[in-house]
There are 2 protein chains.
Amino acid sequence: MRSAGATRAKRMDTAEPMAGEKKSRKASKEIRKQQLIEATIDSLAKRGYAETTLANVADGAKLSRGIVNFHFESKENLLIATLQFMADEYAQHWSTALEKAGPSAAERMWALVAADFDRRMTTKRKLAAWCAFWGEAKSRPTYQALCGARDLNYQRTFEDLCAEMRIEGGYAYDAESAALAICSSMEGLWLRLMMSDGLTREAAHKAAIECIIGFFPKHIGREGPIKT
Amino acid sequence: MRSAGATRAKRMDTAEPMAGEKKSRKASKEIRKQQLIEATIDSLAKRGYAETTLANVADGAKLSRGIVNFHFESKENLLIATLQFMADEYAQHWSTALEKAGPSAAERMWALVAADFDRRMTTKRKLAAWCAFWGEAKSRPTYQALCGARDLNYQRTFEDLCAEMRIEGGYAYDAESAALAICSSMEGLWLRLMMSDGLTREAAHKAAIECIIGFFPKHIGREGPIKT
DNA sequence: GTATTTTGAATGATCATTCAGCAAGCATCT
DNA sequence: AGATGCTTGCTGAATGATCATTCAAAATAC
């Protein structure tokens, strides 16, 4: 194990220049928390939920054993904070993509799908961490709530887009079913990206695009949203 | 805890009539193993993977603490046997559905999708158990292999059906992407069935049907495969 | 009778949590 | 500037709880 001095030196290298007096302390605390969350994601990806121990996390962060309980009070709190972080990051990511997209429903849906298969989101590491939480969500209300909140806005946004295109295109199905099928498909593709080594991010993205083309053939083509 | 006598009496009620002398012993062993596997699925569904202990399983089966190690040697063996059992059952289920289906690709696909949302397969109990294993599959090669084997034949069958209809209908996409999108969608729907209380089996099945209609509009309609 | 199955207490390993003590940052005083 | 004391952050050994596994003895089947 590394000495405390080395660790601290490293932190000071990477941390901000410490302008204010109170700020530097607070920043340090947040940075340390984030460091532990990243180490938790690493361990979840490497060892899975059941085999992730506080010792693993601490070792991964190159810190001592008691550190997690000092910053998070308990293992459960650490895991909740980790899931919270991933959920926030995910929401932030697709929200930003939506803002940057064009005004039409087709453009917005295309952007949402692209965001879901963005290289930054589909790391094996993050997919595995998501999946670890999914596996435990059934029996843990807190995880279920956080995983569910991930969807709630996303799915509603998706439903609105589906409804808009449905009316424009005169499609026969109902918007809820379409949104459900498409969102589920993307989640299932995430699952497979994580599980099998044979599937690439690009192939998964392509499959998702075929899926939305199936639902909105007048609005979306293989090359992108269809301009009218 | 119940007495051993009561348990055994119950087993003899439900077990086969015990014809041969050697056979009855062997049967008893298999029955006891199955009983423990069922208790494991119960515990996975109720408590999740991480919190499932051998004591839970034994209590659930109304048997004593050491029983699992006697029949399965280790906790790991029990879990592998449980996953194996679920995988076999699943494969058996869709294979049977496929055999019973009509000869056309559309009929066969309709039957496969219906099988996936059959009441017997989409119990919260079983979905939760599947999901518990998915969550650990990333870091456990044995689980990964068993979960993957689940797909291998299924997906290949699906790809063949997609390819057949694609040629008949002159659809523009490639069969692999279509099969991937549809299979993933169904897996994602399973995930959601397990997670959220708001989604019903029927709604999930409907969404899956809309998905395949999108891919094969000339072959499949909302009421079933389209006869030509 | 012997062989098989089951029990449940004992064992030892793993792990989360605690906490007394150490180190570093920071302000105040000389 | 250097010394002093206070606060915050961190360490790692100790603690106690949980749990898989073992096994001697008991129960049951044959």
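Model, not experiment: these values are computed from the prediction. All heavy atoms count here, side chains included; hydrogens, waters and symmetry mates do not.
An OP1 or OP2 oxygen of D/dA13 is reached within less than 4.0 angstrom by no side-chain nitrogen or oxygen of A/Arg65. Remark: B/Lys29 is in phosphate contact with C/dT5, judged by side-chain N or O atoms under 4.0 Å from OP1 or OP2.
Distance A/Asp59 CG to D/dT11 P: 11 Å, rounded to the nearest Å. Computed from coordinates, the A/Leu78 CG to C/dC15 P distance equals 16 Å when rounded to whole Å. What separates CG of A/Asn77 from C1' of C/dT17 is a distance of 13 Å, to the nearest Å. Counting to the nearest Å, the C1' atom of D/dC19 and the CG atom of B/Leu79 are 14 Å from each other. Here C/dT5 presents its C1' atom at 5 Å from CZ of B/Phe70, a figure rounded to the nearest Å. Atom CG in A/Leu63 sits roughly 16 Å away from atom C1' in C/dC22 (whole-Å rounding). Put simply, CG on A/Asn69 is 16 Å from P on D/dA17, counting in whole angstrom units. The separation between A/Lys75 atom NZ and C/dC15 atom C1' is 8 Å, rounded to whole Å.
Taking the six-membered ring where tryptophan is involved, the planes of A/Phe133 and A/Tyr49 are perpendicular, since the angle between them exceeds 60° and thus also 30°. Using the six-membered ring where Trp is involved, A/Tyr154 and A/Trp94 have ring planes that are perpendicular, over 60° apart on the 30 and 60° scheme.
Electrostatic pairing of A/Glu38 and A/Arg125 counts as a salt bridge here, judged by a charged N lying under 4.0 Å from a carboxylate O.
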Taking it one step at a time, do A/Arg192 and A/Ser196 satisfy side-chain hydrogen bond (donor to acceptor under 3.5 Å, both in side chains)?
CA-CA 6 Å; A/Arg192 290 189 173 223; A/Ser196 75; over 6 Å; no
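Among D/dT21, C/dT6, D/dC10, the nucleotide with an atom closest to any side-chain atom of B/Leu54 is D/dT21. The listed nucleotides are C/dT6, D/dT21, D/dC19; the one nearest the side chain of B/Ser74 is D/dT21.
Two residues, A/Ile67 and B/Glu51, neighbour DNA chain D, and the one matched to the more 5' nucleotide by heavy-atom proximity is A/Ile67.
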